[in-house]
Amino acid sequence: MSRVCCVGHVNWDVTLRLDALPDPDAEAVVRETSQTGGGSAANVAVGLAGLDCDVTLVGSVGDDEHGLLARRDLDRAGVDLSRLRTVDGETTTKYLLVDDTGEVSVLATPGVNEALGPDDIDPEPIRAADHVHVTAHRPDTVARVADIATDAGVPLSIDPGRRVESREYGPVLNAADLLFVNDREADCLDAPTPPVVVRKCGTDGAVVETPESRYEHDGYRPPAVDTTGAGDAFAAGYIASRLRDCDHPEALATANAAGALATESKGPKTDLGWERLDAIARKRE
């Protein structure tokens with residue numbers, strides 16, 4: 001079983017399902033409300049655990065009820081929480097507004113999901129991993145993780161998300177082996193990129209560029225229920241596939257299947273599994 005260390009945000013997500021995302025000075029109807037654990041690193045960790053990886057999650061939650069519930073969610077999914085710190089304060093809460101097409105807008109409250117500083121990073125789970133995946137987090141902490149992984153010779157991937165526009169991730173991008181971005185984030189890059197760049201193109205599939213080649217996969221288009229966490233499921237599918245020694249085209253197809261599966265279900269975390277991903281691929285044949 002491959003060992004993966006995921007580092008980044010762990011949140012509590014409150015999802016409001018609306019008839020439409022409201023324009024300024026307009027009103028929308030809330031059709032359904034739900035709550036669950038979320039956060040990009042947590043979502044990827046759950047996806048990888050469902051794909052037969054031994055996953056350790058490094059991050060922080062508050063000592064409140066939401067932090068306790070988020071830990072329970074992750075524990076049930078089989079994620080190792082021995083490096084998930086509980087700190088004084090409130091767990092970061094995200095309010096997800098989802099319309100009938102599955103599109104999402106996010107409202108965030110301050111919280112402790114970036115309480116983990118560079119001095120708080122334990123090198124052991126990073127050095128012991130077969131792969132390290134870092135999602136959006138404070139740059140000094142991400143840089144510390146990258147230094148440890150590089151020194152240990154452990155492959156490193158990063159998915160900086162929308163914060164790539166406002167944070168200095170240049171040194172980490174230079175150290176990483178693999179970068180996940182969407183089209184908008186790719187346009188914001190002004191630093192050298194890792195050897196392998198995977199660009200998520202939504203319903204148009206995805207592209208992977210390596211030093212030798214460029215591969216495209218036009219994706220799967222199931223009816224979208226909720227796009228929350230689709231990019232995280234995509235990353236989990238790609239990483240898990242590569243850890244099984246699949247080539248880049250096959251990993252890209254698997255990642256697109258994982259992202260498609262995420263859009264078919266409600267909530268930020270997706271119950272991935274190899275049989276479920278194979279079923280998505282068979283629908284296209």
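- Side-chain contact between T193 and L173 is absent, with no heavy atoms from C-beta onward closer than 4.5 Å.
- The heavy-atom pair separating V98 from T228 by the smallest distance is CG2-OG1, 4.2 Å.
- More than 12 heavy atoms of other residues, nucleotides or ligands lie within 6.0 Å of CD in E32, so this atom counts as buried by the packing criterion.
- Linking ILVMFWY residues whenever their side-chain heavy atoms come closer than 4.5 Å, directly or via other members, places V181 and V132 in the same cluster.
- D183 places no side-chain N or O within 3.5 Å of a backbone atom of C201 that could act as its donor or acceptor partner.
- Cluster annotation: I148 is connected to I158 through the hydrophobic network of ILVMFWY side chains, with a link wherever side-chain heavy atoms come within less than 4.5 Å.
- Atom CG of N182 is separated from atom CZ of R162 by 9.0 Å, given to the nearest 0.5 angstrom.
- Checking R83, R85, R127 one by one against D122, the salt bridge (Lys or Arg N to Asp or Glu O under 4.0 Å) holds for a single residue, R83.
- To the nearest 0.5 Å, atoms CH2 (W12) and CG (N113) are separated by 15.0 Å.
- Of the possible donor and acceptor atoms, none in the side chain of D99 sits under 3.5 Å from a partner among the backbone N and O of L21.
- Nearest heavy-atom pair, S60 versus L116, reported as atom, atom and distance to 0.1 Å: OG-N, 3.8 Å.
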message: For L84 and L74: C-alpha separation, side-chain torsions, deciding distance, then whether side chain to side chain contact (heavy atoms under 4.5 Å, CB included) applies.
response: CA-CA 10 Å; L84 178 61; L74 292 161; 4.2 Å; yes
- prompt: Can you check side chain to side chain contact (heavy atoms under 4.5 Å, CB included) on I239 and L48, steps first, answer last?
  reply: CA-CA 8 Å; I239 293 167; L48 286 166; 4.1 Å; yes
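- Salt bridge R184/E165: present, at least one basic N to carboxylate O contact under 4.0 Å.
- Considering only heavy atoms from C-beta on, V29 stays 4.5 Å or farther from L18 through its side chain.
- Within the model, atoms CG of D80 and SG of C5 stand 9.0 Å from one another, a figure rounded to the nearest 0.5 Å.
- The two atoms that bring P195 and A176 nearest to each other are CD-O, 3.4 Å, heavy atoms only.
- A salt bridge links K200 with D159; the closest basic N to acidic carboxylate O contact falls under 4.0 Å.
- In summary, the side chains of S40 and D232 do not present any donor paired with an acceptor at a separation below 3.5 Å, with no hydrogens or angles considered.
- Transitive grouping of hydrophobic side chains (ILVMFWY, heavy atoms separated by less than 4.5 Å) brings V145 and V154 into a common cluster.
- A distance-only check finds a donor-acceptor pair linking the side chain of R276 to the backbone of D271 [under 3.5 Å].
- Defined by atom type and a distance below 3.5 Å, a donor-acceptor pair is present between the side-chain atoms of E114 and H9.
- The closest donor-acceptor contact from the side chain of D218 to the backbone of G205 lies at 3.5 Å or more, if one exists at all.
- Remark: the S2 side chain and the H131 side chain contain no N/O donor-acceptor pair separated by less than 3.5 Å.
- Between S241 and A251, the shortest heavy-atom contact is OG-CA, 3.4 Å.
- W274 CH2 to T254 OG1: the interatomic distance, rounded to the nearest 0.5 Å, is 5.5 Å.
- Using a cut-off of 4.0 Å between Lys/Arg side-chain N and Asp/Glu carboxylate O, D120 and R144 are scored as not salt-bridged.
- Hydrophobic clustering (ILVMFWY, side-chain heavy atoms < 4.5 Å, transitive): V46 and V10 are in one cluster.
- Residues A70 and N11 come closest through the heavy atom pair CB-O, 4.2 Å.
- The aromatic rings of Y238 and F234 lie parallel to each other, with less than 30° between the two planes, well short of the 60° mark.
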field: Y95 vs T109, side chain to side chain contact (heavy atoms under 4.5 Å, CB included): CA-CA, chis, key distance, verdict
entry: CA-CA 8 Å; Y95 293 89; T109 65; 3.7 Å; yes
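- To the nearest 0.5 angstrom, R242 atom CZ is 11.0 Å from L252 atom CG.
- Looking at L243 and V4, their side chains come closer than 4.5 Å, going by heavy atoms from C-beta outward.
- In this structure, L179 is a member of the same hydrophobic cluster as V172, with clusters built from ILVMFWY side-chain heavy atoms closer than 4.5 Å.
- The backbone N or O of S105 sits nowhere less than 3.5 Å from a side-chain atom of E103 that would complete a donor-acceptor pair.
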task: List the steps, then state whether side-chain hydrogen bond (donor to acceptor under 3.5 Å, both in side chains) holds for D64 with T91.
output: CA-CA 7 Å; D64 55 356; T91 302; 2.7 Å; yes
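- Between the side chain of T263 and the main chain of A260, a donor-acceptor pair closer than 3.5 Å is present.
- Side-chain contact between L277 and L51: present, with at least one pair of heavy atoms (C-beta onward) separated by less than 4.5 Å.
- Aromatic ring pairs are classed by plane angle as parallel below 30°, tilted from 30° to 60° and perpendicular above 60°; the pair Y215 and H248 is parallel.
- What you find for A77 and A49 is that their closest heavy atoms are O-CB, 3.5 Å.
- To the nearest 0.5 angstrom, I280 atom CD1 is 10.0 Å from L272 atom CG.
- Side-chain contact between L178 and P194 is absent, with no heavy-atom pair separated by less than 4.5 Å.
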- request: I would like to know whether V7 and V142 meet side chain to side chain contact (heavy atoms under 4.5 Å, CB included); could you show each step before the answer?
  value: CA-CA 8 Å; V7 184; V142 174; over 6 Å; no
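- Taking 4.5 Å as the limit, some side-chain heavy atom of R138 sits within range of a side-chain heavy atom of P118.
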